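Only one structure is covered here, and it is reproduced in the block below.
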2 protein chains.
Amino acid sequence: MSDKLEFTHEVQKIAGFSKALSHPVRVYILKKLSKMNTCCYSGDLVEELPVGRSTLSQHLKELKYAGLIQGEINPPYIKYCINRKNWEEAKKLFTSFLEDSETEPEICEIHDVSSHRK
Amino acid sequence: MSDKLEFTHEVQKIAGFSKALSHPVRVYILKKLSKMNTCCYSGDLVEELPVGRSTLSQHLKELKYAGLIQGEINPPYIKYCINRKNWEEAKKLFTSFLEDSETEPEICEIHDVSSHRK
DNA sequence: AAAACATTTCGTATATTTGCGAAATAACAA
DNA sequence: TTGTTATTTCGCAAATATACGAAATGTTTT
């Protein structure tokens, strides 16, 4: 019959958050913001990241779009911080997704299929 | 001074795993393999996913490259299953990354900067 | 040997991502 | 008003990702 299912909301959300996390610059920003637990200026970030201002701005936009950060305008600065609500949601989604299964896996790794790229 | 740091191994690994998880098809496959705790044929997967065989093969290759699945050749089939070792590693990385910070965040959300895309 | 089967690779097309510098925006300072 | 500062948007180029069908691969069955 080949039902060709649509993806659940959960699957789509995990993919969406993962996309936001799929670049080292964005992981770095989130790690910093979540751990320091305070806000951060775009200008401070550009000092320590190997990208230009406009590129950083694009990454911040991406993170805003994903809902993982939010900004407070404080002219002429913009302070960024973690969006705690969605950060929690991401945490729950990933935790549940990556949870161990209850039972042990059956043996399934005698031949390790090559995994080269290209 | 602008040190332009290089990214830590941890940051790069999180970005790498996230990239593997950044497509609904791949999230679906991993969810299925990790929960059912057994192996799965490519032919079984293509029945329930809205992509063609060659596209599915690309996604499986991507997951193999990221180390999240492994395949056992069982001609003319290939059985896929979770790579438990790396799955555990991903779990640890994401859990630590998404962990709550110890203290409460300072208020930082009076103006919610618009987050439209394009 | 030839046919059947599951899967991958190849070639190609299109879309998205990433990056930069220049210009635009917006608020404040002189 | 003019200039300064912080940030974003625009326009563009290059790289990567996604998707498909056709052809190739490798194994088993006939």
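Just so it is clear, the structure is predicted and the values come from calculations on it, not from any experiment. Letters A, B, ... are given to chains in the order of the sequence lines, protein chains preceding strands, and every chain is numbered from 1.
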*Flag the pair A/Phe94 / B/Leu21 as yes when at least one side-chain heavy-atom distance between them is below 4.5 Å, and no otherwise.*
yes

*For B/Glu89, check side-chain contact (heavy atoms from CB on, under 4.5 Å) against everything at least two apart and list the hits.*
B/Lys13, B/Phe17, B/Asn86, B/Leu93

*Mind checking what makes side-chain contact (heavy atoms from CB on, under 4.5 Å) contact with A/His23, not counting sequence neighbours?*
A/Val25, A/Arg26, A/His59

*With sequence neighbours excluded, what pairs up with A/Ser57 under the side-chain contact (heavy atoms from CB on, under 4.5 Å) test?*
none

*Excluding sequence neighbours, so at least two apart, what forms side chain to side chain donor-acceptor pair (under 3.5 Å) with B/Tyr28?*
B/Glu48

*Residue B/Lys61, side-chain heavy atoms: nucleotide from C/dT8, C/dT9, D/dT8 that is nearest*: C/dT9

*Could I get the full list of side chain to side chain donor-acceptor pair (under 3.5 Å) partners for B/Glu10, not counting sequence neighbours?*
A/Lys31

_Atom-to-atom span, CD1 of A/Ile78 to C1' of D/dT9 - whole angstrom_ = 12 Å

Nucleotides 20-27 of chain D: which of its N/O atoms have a protein N/O under 3.5 Å away?
residue	atom	partner	partner atom	Å
D/dC20	OP2	B/Gly52	N	2.9
D/dC20	OP2	B/Thr55	OG1	3.0
D/dG21	N7	B/Ser54	OG	3.2
D/dG21	O6	B/Ser54	OG	3.1

*Report the nucleotide, chosen from C/dT9, C/dT17, C/dG19, that has the shortest atom-to-atom distance to any side-chain atom of A/Lys19.*
C/dT17

_Would you say B/Tyr80 places a side-chain N or O within less than 4.0 Å of OP1 or OP2 belonging to C/dT8?_
yes

*How many Å lie between CG on B/Asp44 and P on C/dC5, as a whole number?*
16 Å

